[in-house]
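Everything quoted here is computed from the prediction, not taken from an experiment. Hydrogens, waters and symmetry mates are skipped; everything else that's a heavy atom, side chains included, is used.
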Amino acid sequence: MKKLFGKTDLLITVAVLVLSLLLFIPSLSGDTGLTAQIIVDGEITEEIDLDAVEKAYSFSPKDGTEIEVARGRLRFSDACCRDELCIARGWLSAKGQTSACLPERIVITIKGTDNTDMMTY
Amino acid sequence: MNTAEVKKKFNKKSVLALAVCAILVISIVLADFAASRSEFSDTTIAMGTVVSLRLFGSEGEEAAAAIEENINETEKALLSWREKDSDVNRINSSAGTAASVSTETVEIINKALDVSRNCEGVFDITVGKLTDLWDFGGEGQRLPGDDEIAEALGTVSYSSVKITDTTVLTADNQKLDLGAVGKGAACDRVRDYLSSTSTDSAVISVGGSLLLYGDRSFNIGIVNPENDKASMGTLKLSDTCVSTSGSYEKFFEKDGKVYHHILDAHTGHPADSRLSSVTVVCSSGTLSDALSTACYILGYNDSLALLKNYDAEAVFIFKDNTVRVTDGLENKFTLTDESFVIKE
């Protein structure tokens with residue numbers, strides 16, 4: 001009787017399994033796949049790979065406004081507006097999360113790879 | 001290894017299997033590449049709120065710029081009570097006498113008045129004097145006195161608004177506030193614009209009110225009322241509008257009590273329903289906005305007939321984290337946060 005599963009078939013199966021495993025390696029590494037965008041006056045001024053941040057840092061996209069960036073997350077840490085709602089919103093760390101300083105027209109938002117296209121709120 | 005042995009090892013079946021695998025991988029990579037080439041995403045500020053968009057089709061960048069302009073125009077020319085030359089400001093500044101406005105503004109006001117009639121006025125766009133008093137999110141935000149609220153309530157009456165062709169007449173001292181329908185109205189105007197472009201599909205958020213354009217299905221996250229950075233469930237929808245009203249949006253605390261911004265036009269106070277939020281799905285953005293506010297005030301039971309009137313569906317989130325979904329959304333809603341429970 002002819003063998004149903006030969007050596008060559010085994011070789012191909014192993015190759016496919018190894019390939020599949022390689023595709024999963026990024027998700028096993030703990031990386032989030034998240035990218036933050038800083039938008040000032042409607043223009044993207046910075047794109048930050050949040051997985052690549054090794055040491056937390058801060059920067060000012062406009063005078064009086066400060067954004068703090070750490071691995072996998074970011075937030076408004078200072079603002080010159082009265083209500084400081086953007087600071088109160090705290091850290092953003094998941095896809096689709098957005099915080100805005102409306103008076104200064106600054107938006108920080110996180111792009112990523114989960115399956116939600118948009119949020120209603 | 002001679003040629004015969006090589007042939008034996010890599011027989012026809014193996015070569016065929018490898019070819020199929022290769023074609024599959026190449027197809028997936030090419031499809032992904034093509035999709036990324038035809039998608040344009042952007043986030044900006046327009047109409048005093050965050051606008052996010054994802055456009056699918058050609059010339060996305062040009063369409064995105066035009067959409068931003070379109071949304072700003074909705075505020076400046078039509079609906080803002082702050083803008084000197086807007087239709088609503090003209091109506092308010094000539095209260096007691098008829099003001100001539102655009103057909104678009106008349107259409108929006110008519111839709112809002114229709115919802116008011118069908119919910120016995122708990123939602124009412126003539127609450128301008130009342131919202132001024134509370135000034136949620138503004139510099140004058142405060143708890144007004146009962147006498148002040150009673151005086152402002154005296155000006156609230158949707159049935160006083162008279163529309164003839166393109167003129168709008170309001171009662172003396174009456175003030176329109178279209179804030180509850182402005183974002184949805186902007187979604188409707190964007191849809192009209194998109195139909196003249198080569199955009200195949202799009203999902204656009206105007207401060208959380210959504211336009212889903214075209215046949216493409218989108219996964220829409222409903223914000224968790226207890227954590228407005230996370231979603232508690234998703235809706236899979238296409239070609240419609242989605243609006244959410246929730247007590248978490250604007251509020252303040254005074255003497256240990258929380259006062260949120262959704263005012264019941266009958267009492268002049270924040271609506272006292274058992275709900276945390278209502279998400280409405282409806283073909284019109286103006287209506288989905290108006291209905292989400294009206295349903296929040298009415299509560300679950302009284303909302304069902306109102307929604308039916310407009311062929312609209314909804315997801316109700318109660319303060320005790322139970323969730324009710326209307327029949328038309330049952331197969332489209334997926335709960336993603338286990339701290340919520342769907343009630344049959």
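- Taking a 6.0 Å sphere around CD of A/Glu84, one finds it holds more than 12 heavy atoms contributed by other residues, nucleotides or ligands.
- At a 4.5 Å heavy-atom cutoff, the contact between B/Thr49 and chain A is made by backbone atoms alone.
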Applying side chain to side chain contact (heavy atoms under 4.5 Å, CB included), run through A/Arg89 and B/Asp228 and close with a yes or a no.
-> CA-CA 9 Å; A/Arg89 193 155 170 72; B/Asp228 66 2; 2.9 Å; yes

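- The structure places OG1 of B/Thr279 at 13.0 Å from OH of A/Tyr121, a figure rounded to the nearest 0.5 Å.
- Only the side chain of B/Glu68 comes within contact range of chain A, judged by heavy atoms closer than 4.5 Å.
- Remark: A/Glu46 CD is packed, more than 12 non-hydrogen atoms of other residues, nucleotides or ligands lying under 6.0 Å away.
- Summarising the geometry, atom CG belonging to B/Asp42 is positioned 8.5 Å from atom CD belonging to A/Glu43; distances are rounded to the nearest 0.5 Å.
- Two residues are said to be in side-chain contact when any heavy atoms from C-beta on lie closer than 4.5 Å; A/Met119 and B/Ser205 fail this criterion.
- When heavy atoms are compared at a cutoff of 4.5 Å, A/Thr120 approaches chain B by way of both its backbone and its side chain.
- Of the two parts of B/Thr336, neither the backbone nor the side chain holds a non-hydrogen atom closer than 4.5 Å to a non-hydrogen atom of chain A.
- Using a distance-only test at 3.5 Å, with no hydrogens or angles considered, no donor-acceptor pair links the side chain of B/Lys229 to the main chain of A/Leu92.
- Of the two parts of B/Leu210, only the side chain, counted from C-beta on, holds a non-hydrogen atom closer than 4.5 Å to a non-hydrogen atom of chain A.
- When atom types are taken as modelled, the side chain of A/Asp117 and the backbone of B/Asn219 share a donor-acceptor pair closer than 3.5 angstrom.
- Between B/Ile45 and A/Leu102, the closest side-chain pair of non-hydrogen atoms falls below 4.5 Å.
- The part of A/Ile106 that comes within reach of chain B is its backbone (N, CA, C, O), which places non-hydrogen atoms under 4.5 angstrom from that chain.
- In terms of heavy-atom pairs under 4.5 Å with chain A, the best-connected choice from B/Pro225, B/Gly246, B/Ser231 is B/Ser231.
- Counting heavy-atom neighbours within 6.0 Å of A/Glu54 CD, excluding the residue itself, gives a total of 12 or less.
- With a 6.0 Å radius and a threshold of 12 heavy atoms from other residues, nucleotides or ligands, B/Lys250 has its NZ atom at or below the threshold.
- The local environment of CZ in B/Phe251 is sparse, with at most 12 non-hydrogen atoms from other residues, nucleotides or ligands closer than 6.0 Å.
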Do A/Lys111 and B/Thr43 pass the side chain to side chain contact (heavy atoms under 4.5 Å, CB included) test, and can you show the C-alpha distance, the side-chain angles, and the key distance before you say yes or no?
-> CA-CA 11 Å; A/Lys111 307 283 171 190; B/Thr43 302; 3.8 Å; yes

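- With a threshold of 4.5 angstrom between heavy atoms, B/Ser277 does not approach chain A through any atom at all.
- The CD1 atom of B/Ile204 sits 7.5 Å away from the CE atom of A/Met118 when rounded to the nearest 0.5 Å.
- Proximity to chain A (any heavy atom under 4.5 Å) is restricted, for B/Leu53, to the backbone atoms N, CA, C and O.
- The backbone N or O of B/Gly221 lies less than 3.5 Å from no partner atom in the side chain of A/Thr116, so there is not a single donor-acceptor pair.
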